[in-house]
Amino acid sequence: MTVINQRQMKSSFGLTDFLRKLLTNPLGLLWYYVIICMAPSFYFAISQPVNFIARAIILFFPLGFFLLVLSLVRNSGRGFVFLFPVFLLNGFQIILFYLFRGPDAISADMFLNVVTTSTSEAGELLSSMTQAILVICLLYIPALILAIIQWSTNNVLKKNIRKKMILTSLIFLSLSFALFPLSKNSFRSKFTFHNDVYPANIVYNLGFAIHKIIKVKNYPQTSKPFLFDAVKKDTASKRMIVVLIIGETGRAVSWQLYGYNRPTNPNLEKQSNLIVFKDAITENNATHKSVPIILSCNDATDFKDIYYRKSIFAAFNEAGFTTVCFSNQPDNHSLTEDFYRQADIFRIIRVKDPATGDYTNPYDEELTEMMKKIIKENKDNLFIVLHSYGSHFNYGDRYPRQFSIFTPDKISQLSQSERPVLINAYDNSIVYTDYFISQTIRALEETKTDAFLVYTSDHGEDIFDDSRNGFLHSSPIPNYFQLRIPFIIWYSNEYKNDFPENVSAAITNGQKPISTNSVFPTLLNAAGITTPYLNNSLSLVSNNFTVKPRMYLDDHDHGIPYLQMNLAPEDLFLLKKNRIGD
Ligand SMILES: [Zn+2]
């Protein structure tokens, strides 16, 4: 015991001694701060798929940059404290390393996700990320304490040493530029600063995100004059009700209808008049980008035009439908809400409780009840969007207790070892989604109208599915689990009688590869609406539907074939194995 205590005392003296020495050594402190500032760069240098020269650039650029910034100020402790925004970005970046287990820099979408994610959602995620937060605290808190002490004691570098450091920093910066022509990225065609060198890439992405926020803010004005010139051909003998259910975080691999070995679709399995599109993928793995594509005539190939056009609600309005939008998503600041407002009747049910400030947590079936009420009260042709909360994390909160079929489903931590519990909870949320969709179909059947329904999800989800340990969605590089979504069409018997050709075309198209850009043309076409903005070759109820290479909306809003999205070999294998492809 005594020996151990003496050792402990010695080591604590050693640490105190070391800290005292460090505090009296401003040059040591300067290098310590530089290393702390460039912490994420070490991980990037090791794990980016780039050549040796590019790895050197990934280190030399931030080394030169932070050394320059901290040498330019007389008291580098003070300089370090003022670099606080850098710590925030680094912290965010370290959380991403932990989440996506790969060298993905903070993308423009990640910044936008922060803006479009409610605080309760962020809280749900952060509370489970203790490991990442621990690493951030261990890195930055001691450094900040030392910097504050140095600032207060004014123990600064001599002028001639600072000059030397500035010169050294300029050498590193020059080297990073000079080596550039020899750099290579094994994925992208080019290695670029704005894509590959941290923190230059996140500064670029932040600027891109800010520009996009401004475009979304101006959307009500920029889209105001737009008209679809939409007209409904009157061939139906009955009242028409067209319904779109937008799922949240629904992955096809967890649906029984898509070959999953658990009974997660007990109701839809028995449902008549249902067409299951087995090969469906999303055009983006983030809600704020995927849902606007679902709700508009724009897709990954012409996303830039979305800010100057109206949504599907406006098209149905022009054609004489009463349009309705009920959403169980928390209010956010994305284009989706601007689209909602174009509906005649619009309500969000996931709202902040004024007493507690927390979001309420209604189950999706409330949307069905609201739909039933509207159908009863309003005798017009109706276009109804039910935007569900589906399987959004935390999965266990998405379904009532009686849907706790697979147990245990109480999630205590986010890790590979907890996967069985996470999967149980996730699968229960799919069983509940199956119930919610079936209840909606049941309500439509009872109306005896020409009813037509599309359900699809905005994106899938990673649940520690393989050795990559991916979790959630919105990763900068999509994968099989996030891309593949369920996509189903249901029609009433009355609809089939009035539009037999549409139904037979949809059944034929059910075997073809499709993506979320088919929602807008399919729904308009199914309702017998024409507009110059309806592309028949994307309509699933048209014989003119044409199989094309499927596109993905990348981080800088360019549409590129999804197979060129740097998918990992594991994903390419799974796509092939499950016969997903063009
Ligand atoms: Zn989503």
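Every number for a ligand or one of its atoms is a count from 1 in the order of the listing.
With a cut-off of 2.8 Å, the Zn ion (ligand 1) has no N, O or S atom of Ser290 in range.
Checking each of Thr516, Thr287, Asn284 against His459 for a side chain to side chain donor-acceptor pair (under 3.5 Å) leaves exactly one that passes, namely Thr287.
Taking the N/O/S atoms of Glu248 in turn, the shortest distance to the Zn ion (ligand 1) belongs to OE2. The Zn ion (ligand 1) lies closest to atom OD2 when only the N/O/S atoms of Asp458 are considered. Distances from the Zn ion (ligand 1) to the N/O/S atoms of His459 are shortest for NE2.
By the side-chain contact (heavy atoms from CB on, under 4.5 Å) test, Ser457 pairs with Tyr455, Ile485, Pro486, sequence neighbours left out. With sequence neighbours excluded, the residues forming a side chain to side chain donor-acceptor pair (under 3.5 Å) with Arg419 are Asp465, listed by chain and number.
Between the Tyr432 side chain and the Glu365 main chain, a donor and an acceptor come within less than 3.5 Å of each other.
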